[in-house]
**Q** 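Right, I'll just put the structure down here and ask away after.
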Protein chains: 2
Amino acid sequence: MSHTPGARQAQKLKTRQALLDAALVLLEEQSLSSLGLREVTRAVGVAPTAFYRHFRSTADLGVALVEEALGSLHPMIRTTVSPAGDSDERIARAVELIAGHVAAHPAHVRFVARERHGGVQPVREAIREELARFAEEVRAELAKDAESAGWSDADLRMLAGLYVDQMLITASLFLETLDAPEEERRLAARTAERQLRLISVGRRHWLD
Amino acid sequence: MSHTPGARQAQKLKTRQALLDAALVLLEEQSLSSLGLREVTRAVGVAPTAFYRHFRSTADLGVALVEEALGSLHPMIRTTVSPAGDSDERIARAVELIAGHVAAHPAHVRFVARERHGGVQPVREAIREELARFAEEVRAELAKDAESAGWSDADLRMLAGLYVDQMLITASLFLETLDAPEEERRLAARTAERQLRLISVGRRHWLD
DNA sequence: GTAGTCAGTGAACAACTGTGACCACAAACG
DNA sequence: CGTTTGTGGTCACAGTTGTTCACTGACTAC
């Protein structure tokens, strides 16, 4: 029951992480609902029954993956939406940041995009909650901005949701062009910037 | 080889449709990549091997489902984007049209949303192609509008993509609120309208 | 130092999967 | 008419799946 600081739990966490990593690799060409528990343990090199020491089911593992994929992303939000510098430059920086994240963690991004509407209810729910949290943070950040003066709360919430959805669309777009020629990737980035810019224009003239 | 007009092919098409329908039902709580061929035939009441008379694999069936779900949607595009009537009223009509379609064909919409980023490559590809066709049609329709004077082709394409993505987001939002209280559904509709309106505002002031 | 905890093992199970070869029989064609 | 065609059915195969149970042995706690 106590917080055993020994090498015992360290090893356990190591296996757990190995299971998560192996699952993420396997999920690059299938959905969570078809991921077998044995498949995962085989990839790691442990007995099938060892799986139960860490997760109740593959759905449970999926929820853990959601936390791993989205939990560490919150700090990024603030710096992205924060109103520093010129608008176009800020947009370019945000798109570049997304592109970098996708390049650094492609499997995580693919997992979230895939399972957001996937076949496993608890995982869908976990993603929905996490994205709602993102939207709330974005809303709070937008509310601070002087440009949001006179905006109703519902309108702010709407805009925040638009931004979050757009962020995911952009991420999955970059994912598709990950191993495409450099030129196509630049084109995708330009399109993403244009879309964000159009939303910004709409935001600026919302109250006209 | 000839076009046998007999009752032979009629029965075959009937079985094929039964397989598609059964698959669609089964796919409401799982992804295509975990859909078993036997599972489908069992639901229809035919022998497992009969499946092969109609589809090479479940992935093949998935592609057929994409055509069924999106193929008949093209006529809807023109009437939705066409510039008739007041802007706000047009938006409200478009959102209502989407809501109606989701209510009428929830399983189809769910399938597309789920498999768009799903684990079966050929199906992803089929959806991507179909959505690209939609975007092209929207672009063509937008190009006719007087409001698009002075727009570059890339900008038109960007806006068309934004509209198509937004359409899908709205559809999947309605899907989630399908069996939710009436009030929540109205709220979702209002948010969707707001988002479309913001895009419209951005479009109007794009060249400022 | 000894007792207890617990991550991981190995074997066994019933149920399931995709796919093969072969057969039945009604419709289509000459 | 007889012959061909082809949908669907039957039976069987080899693999795979999730889950159970009793177990081992290294670690922790007293």
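Predicted, not measured: the structure shown is a model, and the values here were computed from it. Reminder, nothing fancy here: chain letters follow the sequence lines and each chain counts from 1.
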**Q** Taking only the side-chain heavy atoms of A:Tyr52 (C-beta and beyond), determine which of D:dT16, C:dT19, D:dT20 contains the nearest atom.
**A** D:dT20

**Q** Tell me the interatomic distance from B:Arg16, atom CZ, to D:dG8, atom P, rounded to whole angstroms.
**A**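 Taking CZ of B:Arg16 and P of D:dG8, I get 12 Å after rounding.
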
**Q** To the nearest Å, how far apart are A:Leu13 CG and C:dC6 P?
**A** 15 Å

**Q** Between B:Glu39 (CD) and C:dT19 (C1'), how many Å, whole number?
**A**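 It is 17 Å, rounded to the nearest whole Å.
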
**Q** Tell me the interatomic distance from B:Leu37, atom CG, to D:dT16, atom C1', rounded to whole angstroms.
**A** 15 Å

**Q** Is it the case that the side chains of A:Ser34 and B:Ser34 hold a donor-acceptor pair, with the cut-off being a distance below 3.5 Å and no angle test?
**A** no

**Q** Got a donor-acceptor contact below 3.5 angstrom from the A:Glu115 side chain to the A:Ser31 backbone?
**A**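 No.
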
**Q** Would the distance check show the side chain of A:Thr177 and the main-chain N or O of A:Ala180 forming a donor-acceptor pair, the cut-off being under 3.5 Å?
**A** no

**Q** Look at all strands and tell whether A:Thr15 reaches a base, only sugar-phosphate, or nothing, counting heavy atoms closer than 4.0 Å.
**A**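 Contact class for A:Thr15: sugar-phosphate only.
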
**Q** A:Lys12 has a side chain; which of C:dG18, C:dT17, C:dA7 sits nearest to it?
**A**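 Closest nucleotide to the A:Lys12 side chain: C:dA7.
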
**Q** Has the side chain of A:Arg38 got a donor or acceptor atom sitting under 3.5 Å from an opposite partner on the base of D:dT19?
**A**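 Looking at the base of D:dT19, it does pair with a donor or acceptor on the side chain of A:Arg38 (distance under 3.5 Å).
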
**Q** Between D:dT20 atom P and A:Arg53 atom CZ, what is the distance in whole Å?
**A** 12 Å

**Q** What's the closest nucleotide to the B:Thr49 side chain, out of C:dA21, C:dG8, C:dA28?
**A** C:dA21

**Q** Whole angstrom is fine here: how far is it from CZ in B:Arg56 over to C1' in C:dT19?
**A**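 So the CZ-C1' distance, B:Arg56 to C:dT19, works out to 15 Å.
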
**Q** Verify the distance criterion only: is there a donor paired with an acceptor across the side chains of A:Gln166 and B:Gln166 at less than 3.5 Å?
**A**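 On atom types as modelled, these side chains do not qualify, holding no pair under 3.5 Å.
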
**Q** Have a look at B:Arg42 and say if it touches a base, only the backbone sugar-phosphate, or nothing, with a 4.0 Å heavy-atom cut-off.
**A**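 It contacts sugar-phosphate atoms only.
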
**Q** Counting distance only, does the side-chain N/O of B:Ser148 pair as donor-acceptor with the main-chain N or O of B:Leu142 below 3.5 Å?
**A**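 Yes: the side chain of B:Ser148 pairs with the backbone of B:Leu142.
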
**Q** Heavy-atom nearest nucleotide on DNA chain C for B:Thr58 versus A:Gln11: which residue maps closer to 5'?
**A** A:Gln11

**Q** Taking the side chain of A:Arg8 as heavy atoms from C-beta outward, which of D:dT7, C:dA7, C:dT19 is closest to it?
**A**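 Ranking D:dT7, C:dA7, C:dT19 by closest atom to the A:Arg8 side chain puts C:dA7 first.
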
**Q** If I take atom NE2 in residue B:His54 and atom C1' in nucleotide D:dG9, what distance separates them, rounded to the nearest angstrom?
**A** 13 Å

**Q** Between C:dG8 atom P and A:Phe51 atom CZ, what is the distance in whole Å?
**A**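 In whole Å, C:dG8 P and A:Phe51 CZ are 13 Å from each other.
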
